[in-house]
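A short worksheet on the structure shown next.
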Number of protein chains: 2
Amino acid sequence: MTRSAQAPAAGRTAKPTINDVARLANVSKKTVSRVINRSPLLNAETRERVEKVIRELGYVPNPQARALALRRNFLIGLIHDNPNAQMVLNMQQGILEALHGTDFEMVVRPVDRSSAMMLDDVRTFLERQRLFGVVLLPPISENDALAALCEEVGCRYVRMGSAQLDDADHMVASNDRELVKEATEFLIGQGHRLIGLIEGPDGFRSAQERRLGFEDALAAAGLSLPRSHIARGNYTFETGVTAANRLFDLSPRPTAIFASNDEMAAGVVFAARERGIAVPEELSVIGFDDTPIAAHIWPPLTTVRWPIVSMARAAARKLVGDVVGGEAAAPQPSELPSMLVRRASVAPPR
Amino acid sequence: MTRSAQAPAAGRTAKPTINDVARLANVSKKTVSRVINRSPLLNAETRERVEKVIRELGYVPNPQARALALRRNFLIGLIHDNPNAQMVLNMQQGILEALHGTDFEMVVRPVDRSSAMMLDDVRTFLERQRLFGVVLLPPISENDALAALCEEVGCRYVRMGSAQLDDADHMVASNDRELVKEATEFLIGQGHRLIGLIEGPDGFRSAQERRLGFEDALAAAGLSLPRSHIARGNYTFETGVTAANRLFDLSPRPTAIFASNDEMAAGVVFAARERGIAVPEELSVIGFDDTPIAAHIWPPLTTVRWPIVSMARAAARKLVGDVVGGEAAAPQPSELPSMLVRRASVAPPR
DNA sequence: AGACATTTGGAAACCGGTGTCAGAATACGC
DNA sequence: GCGTATTCTGACACCGGTTTCCAAATGTCT
């Protein structure tokens with residue numbers, strides 16, 4: 001019963017082809033093709049007639065046939081080597097939002113940066129699937145060879161990252177340095193003078209940017225940053241614990257710690273609890289990313305929120321934006337608000 | 001320099017086509033096609049000769065052309081409406097593991113169960129993309145109409161779930177009921193007699209199964225389960241907090257709480273902290289899923305681990321297993337170990 | 001030796017679109 | 001009114017496989 005309205009006038013038999021449309025509209029299939037592909041050299045009246053038939057028939061071009069003829073699939077690849085599930089899923093969400101209502105689908109491709117075959121694997125992937133384009137997620141997005149590869153095989157790409165690594169057409173960047181600077185200034189404003197840093201892995205641009213922001217703030221406040229107050233982690237909870245314990249052994253002990261992401265910040269809080277160090281009374285902690293864990297541990301973490309979903313959406317839109325075609329040019333959500341989320345993990349030093 | 005070894009003897013010019021293979025192997029393209037599609041009526045010697053040429057040439061059939069001719073894409077869809085990032089990503093990982101080395105790719109499709117258009121959207125998706133098959137993730141996998149739809153449009157499917165919802169060919173199930181029973185028995189074994197339950201959303205099979213397991217354990221121990229000791233959440237941290245507060249108001253207060261997933265269990269621990277209830281001294285907590293948050297909060301959660309990744313892998317293998325073809329029949333990892341992970345959130349009642 | 005089964009090849013159609021290019025239709029200049 | 005420039009449109013080959021239908025070659029069985 002309720003099924004009757006599902007396929008507008010299609011009769012639920014065989015899917016209509018371009019030939020059906022052509023016949024009913026009294027034009028050649030080539031002309032129908034022109035309508036579909038928004039060819040400019042086309043009589044407006046003819047276009048309308050064809051579009052009417054398309055609508056009535058509920059015709060949708062076959063993606064497989066188009067892929068073959070155009071030598072290009074209507075697929076957007078998502079290439080990542082990010083271990084943080086929440087981050088990856090948020091980015092997937094953003095991309096899917098951008099793709100919604102278009103003919104594009106998203107195919108996901110995790111890669112192993114440590115594998116010698118990584119580039120070859122990706123090359124095979126891109127060439128075989130003839131992807132329309134790919135979104136590169138951090139941190140693998142920082143790999144210039146990967147971007148060069150995309151260029152070489154003729155696959156559009158957009159990189160997401162913590163700083164401008166490429167020209168504007170190929171890049172959607174946050175401004176980690178500035179954000180971390182502000183977060184650190186907040187700690188300083190609370191009265192902290194001895195602040196420890198847990199930075200991200202060597203070679204990661206995000207790690208570098210965040211460290212620079214941290215240093216900026218300290219320098220601006222005229223504070224020194226002893227080498228010993230910097231520990232390194234690899235963005236995981238466990239390394240956060242280890243790094244925190246290293247900082248806890250310092251004397252005098254820092255009264256606050258900025259961890260380069262929430263996972264590590266959670267590790268700091270965990271380690272503090274193990275050592276009987278009260279947060280925030282004896283130790284303030286700030287994280288970065290505002291992933292769910294930040295709000296779910298005790299005390300909830302003060303952290304830096306940045307617009308993961310909208311950035312991913314913007315990235316995908318860069319890829320398909322012009323192809324999507326007029327109708328749903330979607331009044332760009334613009335937003336992109338970054339902010340310091342103040343929770344209970346920070347207090348003035350005693 | 002290092003590039004020389006990338007494409008085995010392909011010469012980095014144009015990709016070889018089926019015609020190239022046919023010419024070099026001295027057979028017709030029809031025969032090559034037979035080799036590719038593993039036709040049984042084919043002389044073994046001929047097959048080897050063709051396979052040799054294929055290997056030397058590094059020939060790979062064009063997926064777009066195949067998709068068009070076969071009216072079927074080499075894509076596996078992942079349909080989900082799961083809000084838990086870690087769970088979804090683990091399942092993606094499992095599917096990708098199963099797909100690795102095959103010609104299949106994974107395309108992700110989140111759906112909105114509350115939308116009236118959900119089924120129509122999925123139908124359009126399946127029919128347009130002509131997916132080879134789909135994996136349905138819980139909880140949307142419990143939707144029988146969705147499975148029926150897959151059947152109707154001729155798309156293979158495998159459902160993942162907490163109980164046997166379908167015949168073995170279409171189902172990969174865990175045994176939540178038994179697992180929860182064991183977890184609850186552990187609490188009882190620790191001496192708890194007044195145990196609260198935070199169950200999952202109404203209508204979710206997983207919620208029902210876990211509740212049944214909980215009841216099984218209590219009944220087996222001759223314990224009563226007052227209605228008031230059951231609170232409901234929707235698997236989120238926030239509802240866990242709310243439900244926990246409801247249970248905290250009971251008197252006598254339960255000495256232990258089983259939460260139907262880790263998110264809610266984390267909410268319980270958080271709420272306890274807010275109310276000054278010590279975990280595990282005054283309250284023991286057990287969760288379910290063993291997601292990262294379980295190990296990252298304080299105290300770390302005792303929880304039930306089940307093999308998310310391998311189940312997803314098994315699901316995908318059910319779809320592509322027979323098509324993949326002999327060579328990499330992969331000695332099934334079999335594993336699938338479920339277990340109670342004992343951490344600090346449980347102690348005997350005072 | 002003749003009948004029959006098993007393999008392989010060939011030609012052509014087909015899957016459902018798109019590119020090329022020539023020809024038709026209309027507009028413009030004189 | 002006519003040649004020509006400009007706009008539209010259609011015929012046809014093509015993307016790279018699969019499939020159908022037959023026929024031919026080889027081998028096997030009575």
query = How does each nucleotide of nucleotides 8-18 of chain C score, in 5' to 3' order, for protein heavy atoms under 4.0 Å: base (B), sugar-phosphate only (S), or none (-)?
reply = BBS----BBBB
inquiry  = Can you tell me how far apart CD1 (A:I79) and CZ (A:F125) are? Round to the nearest 0.5 Å.
reply    = 6.0 Å
task = Not counting sequence neighbours, which residues clear side chain to side chain contact (heavy atoms under 4.5 Å, CB included) with B:A69? List them please.
result = none
request  = Output all residues satisfying side chain to side chain donor-acceptor pair (under 3.5 Å) with A:D144, sequence neighbours left out; order by chain, then residue number.
outcome  = A:R159
ask   = Looking only at atom types and distance, does a side-chain atom of A:D81 sit under 3.5 Å from a main-chain N or O of A:I140, one as donor and one as acceptor?
value = yes
message = Testing the 3.5 Å rule here: is there a donor-acceptor pair between the side chains of A:S114 and A:D112?
response = yes
